[in-house]
Peer 1: 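One structure, pasted below without further comment.
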There are 2 protein chains.
Amino acid sequence: MKNNVKIARVQVNLTQQQLAEKIGVTRQTISLIEKGKYNPTLKLCLDICYTVNKTLDEIFWIEKGSDESEKD
Amino acid sequence: MKNNVKIARVQVNLTQQQLAEKIGVTRQTISLIEKGKYNPTLKLCLDICYTVNKTLDEIFWIEKGSDESEKD
DNA sequence: TAACATTGTAACATATACATTACATTTTTC
DNA sequence: GAAAAATGTAATGTATATGTTACAATGTTA
């Protein structure tokens, strides 16, 4: 699950810890999402969007079939 | 978790069953998502988008604080 | 209205998102 | 280059998304 969370987070000058606190999740969850190792829920995706001022399409859209990340 | 899955699904002339089969989930999952009773994962949101030819923003975006649905 | 297709939903099981704690590794700053 | 901050990640536990099966309710069509 590739995404642009890290880019967007850095753009608004937040650490993983700060983003996590604003959203109400743990830093580990943010870390794993940024590394593409989690398949986050819609609600969490939306909360991230609200906090970094982006839309779902800007941060989480990936073209069909272009997800190179592992299936595990 | 309000969304526009039902509208988009009907627009492309698919039943819940047909959409579910194309995506590889059960009909119940589609039903519960349409009724706003599930908080789907990003991967499933994307699969729905691909199948009904819409983007994440078109189907799943909701303005901050405008989610009237129940929490559980 | 009777058959049939579609949708809602309940009970129970399984997989996994996310929390908690802890520590290691990398990056920044002095 | 050492101290601190930021990030990666492992082990274990919990909550919940999703599967399975089954049946009821609603819509559609002859």
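Everything quoted here is computed from the prediction, not taken from an experiment. Just so it is clear, the values below take in all heavy atoms, side chains as well, and ignore hydrogens, waters and symmetry mates. Each chain gets a letter, A, B and so on, in the order the sequences are listed, and its residues count up from 1.
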Peer 1: Round to the nearest Å and state the distance from A/L44 atom CG to D/dA15 atom C1'.
Peer 2: 15 Å
Peer 1: Estimate the overall bend of the helix from C/dT1-D/dA30 to C/dC30-D/dG1 from the end axes over five pairs each, rounded to 10 degrees.
Peer 2: 60°
Peer 1: Provide, to the nearest angstrom, the distance between the NZ atom belonging to A/K43 and the P atom belonging to D/dA15.
Peer 2: 17 Å
Peer 1: Show me the pairs that pass salt bridge (Lys or Arg N to Asp or Glu O under 4.0 Å) and involve residues 14-23 of chain A, at least two apart or across chains.
Peer 2: none
Peer 1: Are the side chain of A/N4 and the backbone of A/F60 linked by a donor-acceptor contact shorter than 3.5 Å?
Peer 2: no
Peer 1: Which distance, rounded to the nearest 0.5 Å, do you find between the CG of B/L19 and the CD1 of B/I30?
Peer 2: 4.0 Å
Peer 1: Considering heavy-atom distances to DNA chain C, does B/T41 or B/K35 have its closest nucleotide positioned more toward the 5' end?
Peer 2: B/K35
Peer 1: So, taking the atom named SG in A/C49 and the one named CD in A/E58, what distance separates them when rounded to the nearest 0.5 Å?
Peer 2: 8.0 Å
Peer 1: Rounded to the nearest angstrom, tell me the gap between atom OH in A/Y38 and atom P in D/dA17.
Peer 2: 15 Å
Peer 1: Round to the nearest Å and state the distance from B/N39 atom CG to D/dA15 atom C1'.
Peer 2: 12 Å
Peer 1: Go through the structure and list residues passing salt bridge (Lys or Arg N to Asp or Glu O under 4.0 Å) with A/K43, not counting sequence neighbours.
Peer 2: A/D47
Peer 1: B/E34: what forms a side chain to side chain donor-acceptor pair (under 3.5 Å) with it, not counting sequence neighbours?
Peer 2: B/R9, B/Q16
Peer 1: Quick one: pull up CD1 in B/I59 and CG in A/L42 and give me the separation to the nearest 0.5 Å.
Peer 2: 11.0 Å
Peer 1: Of all of residues 4-16 of chain A, which get a heavy atom below 4.0 angstrom from DNA chain C, listed by number?
Peer 2: none
Peer 1: Rounding to an integer number of Å, can you tell me how far A/L19 CG sits from D/dG8 P?
Peer 2: 13 Å
Peer 1: Using a cut-off of strictly less than 4.0 Å, decide whether A/K37 has a side-chain nitrogen or oxygen near OP1 or OP2 of D/dG8.
Peer 2: no
Peer 1: Atom CD1 of A/I23 to atom P of C/dC18: distance rounded to whole Å?
Peer 2: 11 Å
Peer 1: Do the side chains of B/V12 and B/Y50 join up, straight or via other hydrophobic residues, at under 4.5 Å, putting them in one cluster?
Peer 2: yes
Peer 1: Can you tell if the side chain of A/T51 reaches within under 4.5 Å of the side chain of A/L14, non-hydrogen atoms only?
Peer 2: yes
Peer 1: Mind listing the residues from residues 25-34 of chain B sitting with a heavy atom below 4.0 Å of DNA chain D? Number order is fine.
Peer 2: B/V25, B/T26, B/R27, B/Q28, B/T29
Peer 1: Distance check needed: D/dT21 P versus B/Q17 CD, whole Å only.
Peer 2: 13 Å
Peer 1: Keeping B/N3 on the side-chain end and B/I33 on the backbone end, is there a donor-acceptor pair under 3.5 Å?
Peer 2: yes
Peer 1: Quick one: OG1 on A/T26 to CD on A/Q17, what's the gap to the nearest 0.5 Å?
Peer 2: 9.0 Å
